There are 2 protein chains.
Amino acid sequence: MPKDRTNKVSCSNYRCEIEITLELISGKWKAIILWNLGNHEIIRFNEFRRIIPEITQKMLTQQLRSLEEDGLINRKVYNQIPPMVEYSLSEEGKKLMPILEQMDKWGKNYVDNYKKTKQY
Amino acid sequence: MPKDRTNKVSCSNYRCEIEITLELISGKWKAIILWNLGNHEIIRFNEFRRIIPEITQKMLTQQLRSLEEDGLINRKVYNQIPPMVEYSLSEEGKKLMPILEQMDKWGKNYVDNYKKTKQY
DNA sequence: TAAGGTAGTTACAAAAAAGAAACTAATTAA
DNA sequence: TTAATTAGTTTCTTTTTTGTAACTACCTTA
């Protein structure tokens with residue numbers, strides 16, 4: 001009869017806020033968007049399209065709106081023609097950057113260790 | 001004419017290993033699986049099913065295999081009847097734990113700041 | 001007068017992820 | 001001999017995510 005090792009976990013039940021955090025930055029584009037905002041301070045809509053050429057307008061709008069709704073980025077609209085909209089990290093968004101940096105480091109190290117056996 | 005702020009980003013092009021890291025832990029179950037392994041050392045297949053009751057057998061196998069293939073967890077099979085299979089974090093997987101911890105902390109703080117306005 | 005730049009929206013289609021339910025094999029215990 | 005336990009597999013369906021392509025409005029420049 002196996003010992004029960006499922007005693008204590010450091011979050012309520014077995015779930016935790018990792019899932020929330022992960023959800024906010026998951027998907028094909030959100031992390032790239034946040035990361036670029038972390039490095040550029042302010043990025044406009046079409047600047048994003050130049051920085052991330054593969055993203056479609058639809059996905060870009062969708063992801064930006066979602067990030068805004070979640071309070072990770074700010075959207076500042078200048079009421080002028082031609083339109084000008086500036087995106088930037090919110091305070092909460094800025095607090096995410098150390099995590100993204102760690103993920104970047106971990107990923108680089110992982111690729112170094114595994115590039116012999118796996119392809120990306 | 002707007003200034004071009006898209007000069008330097010701290011990874012090749014605009015993409016970076018964040019995407020790789022994120023891919024490895026994304027999905028509905030992987031982070032929970034890793035987090036629990038970080039807290040329990042060893043977990044058997046059916047133990048996982050008790051810890052995470054909502055997961056189906058199919059998803060559990062699928063995610064465990066994927067994590068194993070990516071080198072984040074170890075799968076140790078004891079050739080006996082009834083079968084016994086022990087899952088644990090690999091060295092690379094262990095290195096992920098500080099990131100998950102930070103994500104947990106960030107998420108908790110985020111929920112504190114935003115629970116007034118948003119529901120989860 | 002037509003093209004180009006701004007920041008989008010809309011409808012539809014394809015692909016990927018997740019879930020439901022039934023099935024497997026070997027052994028032991030009742 | 002029937003049920004329970006282990007660790008899964010398989011097929012099919014639903015849901016979610018992502019992509020394609022065309023369209024909008026307003027103004028400036030050629």
Side-chain angles (χ1 to χ4, degrees), chain A residues 1-6 15 19-20 22-33 36-37 40 42-70 73-88, chain B residues 1-6 15 19-20 22-34 36-37 40 42-70 73-88 120:
Chain A
M1 196 197 297
K3 277 187 298 187
D4 183 30
R5 296 178 210 82
T6 68
R15 309 204 131 185
E19 292 178 86
I20 289 168
L22 209 44
E23 234 190 78
L24 298 182
I25 63 174
S26 276
K28 199 168 170 182
W29 305 110
K30 285 186 177 175
I32 305 176
I33 291 172
N36 276 281
L37 280 178
H40 293 92
I42 287 172
I43 304 183
R44 294 176 57 182
F45 189 81
N46 276 355
E47 279 185 300
F48 266 122
R49 296 185 61 203
R50 284 189 285 271
I51 298 172
I52 312 171
E54 299 96 323
I55 199 170
T56 63
Q57 289 180 293
K58 184 202 148 202
M59 286 309 288
L60 182 54
T61 320
Q62 201 173 93
Q63 301 308 301
L64 288 170
R65 291 299 146 84
S66 174
L67 290 167
E68 190 199 1
E69 218 202 303
D70 293 334
I73 67 172
N74 302 127
R75 179 170 178 267
K76 188 172 177 183
V77 180
Y78 293 86
N79 213 335
Q80 60 181 51
I81 297 270
M84 174 152 105
V85 180
E86 290 182 344
Y87 293 94
S88 58
Chain B
M1 199 196 296
K3 277 187 299 191
D4 184 30
R5 296 179 210 80
T6 68
R15 310 206 129 184
E19 292 177 86
I20 289 167
L22 208 43
E23 232 190 80
L24 298 183
I25 64 174
S26 277
K28 199 167 172 186
W29 305 111
K30 284 186 178 176
I32 306 177
I33 290 172
L34 291 169
N36 276 280
L37 279 178
H40 292 92
I42 287 172
I43 304 183
R44 294 176 57 183
F45 188 83
N46 277 355
E47 279 184 300
F48 267 122
R49 295 185 62 203
R50 283 188 285 271
I51 298 173
I52 311 171
E54 300 97 322
I55 200 170
T56 62
Q57 289 179 295
K58 183 203 149 200
M59 287 309 287
L60 182 54
T61 320
Q62 201 172 91
Q63 302 308 300
L64 288 170
R65 292 297 148 85
S66 174
L67 290 167
E68 190 198 2
E69 218 202 303
D70 293 334
I73 67 172
N74 302 125
R75 178 169 177 267
K76 189 170 177 184
V77 180
Y78 294 85
N79 214 335
Q80 59 181 53
I81 297 269
M84 174 153 106
V85 180
E86 291 183 341
Y87 293 94
S88 57
Y120 289 101

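As the structure is a computational prediction, the values presented were derived from the model and not from experiment. Lettering of chains follows the sequences in order, A, B, ..., and the numbering in each one begins at 1.
To the nearest 0.5 Å, atom CD of residue A:Q63 and atom CD1 of residue A:I55 are 6.5 Å apart. Annotation: the span from A:N36 atom CG to A:I43 atom CD1 amounts to 5.0 Å, rounded to 0.5 Å. To the nearest 0.5 angstrom, B:R65 atom CZ is 13.5 Å from B:D70 atom CG. The distance from atom NZ of B:K28 to atom CD of A:E23, rounded to the nearest 0.5 Å, is 9.5 Å.
The distance from atom CG of A:N79 to atom P of D:dC27 is 11 Å, rounded to the nearest whole Å. One interatomic measurement links the two molecules: CG of A:L64 to P of D:dT18, which rounds to 14 Å at whole-angstrom precision. For the pair B:Y78 OH and D:dG8 P, the computed distance is 14 Å after rounding to whole Å. C:dA16 atom C1' lies 13 Å from atom NZ of B:K30, rounded to whole Å. One interatomic measurement links the two molecules: CD1 of B:I33 to P of C:dA18, which rounds to 11 Å at whole-angstrom precision. In this structure, A:L60 atom CG and D:dT17 atom C1' are separated by 16 Å, rounded to whole Å. The separation between B:I81 atom CD1 and C:dT27 atom P is 5 Å, rounded to whole Å. Remark: P of D:dA7 and CD1 of B:I42 are 13 Å apart, rounded to the nearest angstrom.
For B:Q57, taking side-chain heavy atoms from C-beta onward, the closest of the listed nucleotides C:dG19, C:dG8, D:dG8 is D:dG8. Comparing atom distances between the A:N46 side chain and each of D:dA7, C:dT6, D:dC27 picks out C:dT6 as nearest. Here C:dG8 is the nucleotide among C:dG8, C:dT27, D:dA7 with the atom lying nearest to any side-chain atom of A:R65. Comparing D:dA22, C:dA20, D:dG8 against the side chain of B:K58 picks out C:dA20 as the nearest. Residue A:R50 has its side chain nearest to C:dT6 when only C:dT6, D:dG19, D:dA7 are considered.
Nearer the 5' end of DNA chain C, as judged by each residue's closest nucleotide, is the contact made by A:P82, out of A:P82 and A:T61. Taking the nucleotide of DNA chain D with the nearest heavy atom to each of A:M59 and A:P83, the more 5' of the two is matched to A:M59.
If you check every strand for non-hydrogen atoms under 4.0 Å, B:T56 touches sugar and phosphate atoms only. Using a 4.0 Å heavy-atom criterion, one finds that A:R75 contacts the sugar-phosphate atoms exclusively. Using a 4.0 Å heavy-atom cutoff across all strands shown, A:R49 reaches no nucleic acid atom at all. A:Y87 comes within contact range of the sugar-phosphate backbone alone, with a heavy-atom separation under 4.0 Å but no base atom that close.
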Legend entry - Worked verdict on B:L64 versus B:F48 for side chain to side chain contact (heavy atoms under 4.5 Å, CB included): CA-CA 10 Å; B:L64 288 170; B:F48 267 122; 3.9 Å; yes
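Under a cut-off of 6.0 angstrom, the local environment of CD in B:Q62 is crowded, with over 12 non-hydrogen atoms contributed by other residues, nucleotides or ligands.
For A:R44 and C:dA7, the shortest distance from a side-chain N or O to OP1 or OP2 is below 4.0 Å. Considering only side-chain N and O atoms, A:K28 lies nowhere under 4.0 angstrom from the phosphate OP1 or OP2 of C:dA16.
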